[in-house]
Amino acid sequence: MDYKLEFDNLKSKALEEISKTDDLKALDELKNKYLAKKGEISLMMNHIREVEDKKAFGELYNLTRKEVESFLNEKIKKGEEKKLNEELVKERIDITLPGNNFERGVANPFFKTINEIEDIFVGMGYSIATGPEVDYDKYVFELLNIPHDHPARDMQDTLYIDNNLLLRSHTSSVQAHVMENAKGKPIKIICPGKTYRRDDDDMTHSHQFAQVEGLVIDKNINLGNLKATLELFAQKMFSKDTKVRFRSSFFPFTEPSVEVDISCFNCKGKGCSICKGSGWIEILGAGMVHPNVLKMSGYDPEVYSGFAFGIGIERVTMLKYGINDIRRFYQNDLRFIKEFKKVKED
Ligand code: FA5
């Protein structure tokens with residue numbers, strides 16, 4: 001066999017076929033046809049047995065293979081570049097087109113109030129606690145000195161999942177959880193969160209609303225500390241000259257218990273439509289932690305004392321921003337939120 005002629009023909013045929021196409025798939029097929037294990041050039045190796053000058057045959061085999069291979073690779077490279085350029089042209093993005101216009105949102109006043117209350121109390125050294133919204137009777141009532149059949153349960157009727165599990169009617173339930181976990185150590189927390197009651201909705205009542213609970217337990221805590229704390233809170237929240245008034249009240253878990261009023265920030269105590277002429281506005285319930293509550297959670301009331309308070313978040317927000325109906329918080333009406341674009345962001 002004239003293997004030189006054979007290699008020459010094979011090379012010319014391969015180079016010609018390769019030169020005729022730019023298509024990547026076709027080039028890949030040609031690679032298989034000539035250079036794969038069973039390719040035409042590779043199969044030429046079978047003839048080495050038939051020739052005498054095996055070295056010269058081998059050199060020619062390698063040379064032919066190398067030439068075809070490098071020509072093919074060159075074409076593949078060009079083919080890939082061509083394909084990429086075509087894709088780039090096809091997928092070109094016109095960056096001069098105007099983008100989608102996103103409307104700038106506005107902070108919901110409800111969350112603004114929560115953030116503000118948190119800032120004020122964190123500034124006084126409080127930590128923020130959380131607790132479950134669906135909770136056991138034990139935490140919502142029993143550990144707060146409200147046993148089964150106690151008439152005080154009527155003040156906070158709520159929605160029950162079963163006999164023992166219910167939607168919390170106040171954030172005071174978090175007091176019981178925090179005391180249980182603190183295992184007799186001092187406590188200084190606030191807990192903002194949702195609460196639920198079987199209340200009929202009207203301008204100032206909603207079946208879902210939110211409170212911020214506060215709880216301080218340590219040695220030598222007294223009613224004066226509670227008053228000073230709430231006064232500072234009210235002055236930071238409303239205005240520097242805000243005064244705080246305690247009226248005696250009743251909560252089973254505090255003794256003494258108080259309702260807390262602030263002097264009307266609108267009329268400064270003279271009497272106006274916001275304070276209904278009285279000069280004072282009620283914002284929260286509070287008191288000194290009842291000795292029974294301390295005892296039930298493992299604190300010795302002879303050694304430890306504490307105060308607690310529960311602030312209605314919507315009510316504070318309504319006062320601060322002049323919102324006249326609590327139901328507006330829960331109606332999902334965007335026009336309500338948009339009103340607050342006019343209130344200057346702090
Ligand atoms: C309580 O819930 C007590 N747990 C507060 C407390 C905590 C007292 C710690 C002592 C110690 P009261 O039921 O008054 O108290 O509710 C507290 C505040 O929640 C009210 O002043 C009011 O602002 C708000 N609130 C109560 N019910 C509703 C309602 N249905 N809708 C909107 N806000 C409400």
Side-chain angles (χ1 to χ4, degrees), residues 110 113-114 117 121 126 129 131 133 135 139-141 143-146 150 152-159 166-179 187-217 221 223 225-227 229-230 233-234 237 244-262 280-294 297 305-320 323-330:
F110 173 83
T113 303
I114 294 181
I117 295 175
F121 281 103
Y126 285 70
E133 282 175 36
D135 210 348
Y139 294 100
V140 182
F141 294 128
L143 285 173
L144 294 172
N145 206 25
I146 318 175
H150 192 290
R153 288 201 178 208
D154 290 348
M155 294 186 338
Q156 292 189 11
D157 194 10
T158 180
L159 303 143
L166 46 115
L167 295 183
R168 68 180 177 195
S169 53
H170 53 179
T171 44
S172 299
S173 53
V174 182
Q175 287 187 33
H177 282 285
V178 172
M179 282 195 263
I187 294 170
K188 196 172 178 185
I189 56 105
I190 57 160
C191 166
K194 284 187 219 142
T195 47
Y196 306 84
R197 283 188 199 174
R198 208 219 61 80
D199 277 355
D200 290 327
D201 292 357
D202 62 23
M203 281 168 79
T204 51
H205 293 84
S206 168
H207 60 280
Q208 175 192 311
F209 58 101
Q211 294 183 332
V212 176
E213 193 75 11
L215 175 68
V216 174
I217 294 180
I221 300 292
L223 202 63
N225 299 137
L226 172 62
K227 191 160 188 215
T229 303
L230 294 177
F233 160 70
M237 194 70 198
V244 166
R245 178 174 84 171
F246 280 12
R247 277 180 294 112
S248 61
S249 181
F250 170 76
F251 296 105
F253 36 94
T254 45
E255 182 59 38
S257 301
V258 289
E259 297 284 356
V260 179
D261 301 337
I262 56 166
W280 295 93
I281 301 167
E282 182 194 318
I283 58 161
L284 59 96
M288 299 304 292
V289 180
H290 197 290
N292 286 352
V293 173
L294 288 170
S297 292
S305 55
F307 64 72
F309 53 86
I311 309 170
I313 295 177
E314 287 87 348
R315 298 259 179 100
V316 169
T317 314
M318 289 166 79
L319 289 173
K320 191 155 172 154
I323 299 163
N324 58 7
D325 192 332
I326 195 170
R327 291 168 292 198
R328 302 197 71 197
F329 287 104
Y330 297 106

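All ligand and atom numbering here is 1-based and tracks the order in the structure.
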Using a 3.5 Å cut-off and no angle test, enumerate the donor-acceptor pairs between side-chain atoms of residues 308-315 and protein atoms at least two apart in sequence or in another chain.
residue, atom, partner, partner atom, Å
Glu314, OE1, Ala210, N, 2.9
Glu314, OE2, Ala210, N, 3.1
Glu314, OE2, Tyr330, OH, 2.3
Arg315, NE, Thr204, O, 3.0
Arg315, NH2, Thr204, O, 2.9

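Ligand 1 is surrounded by Gln156, His170, Ser172, Gln175, Arg197, Asp199, Thr204, His205, Ser206, Phe209, Gln211, Glu213, Phe251, Phe253, Thr254, Glu282, Ile283, Leu284, Gly285, Ala286, Ala308, Phe309, Gly310, Gly312, Arg315, Ile326, each with at least one heavy atom closer than 4.0 Å.
Checked against the 6.0 Å centroid criterion, the rings of His170 and Phe251 do not qualify as a close aromatic pair.
In this structure, Phe246 has no ring pair (Phe, Tyr, Trp, His ring centres under 6.0 Å) partners at least two apart in sequence or on a different chain. In this view, Ser206 satisfies the side chain to side chain donor-acceptor pair (under 3.5 Å) rule with no residue, not counting sequence neighbours.
Classification of the Tyr126-Phe121 ring pair by plane angle, with boundaries at 30° and 60°, yields perpendicular.
Between Ile187 atom CD1 and Ser297 atom OG the span is 8.0 Å, to the nearest 0.5 Å.
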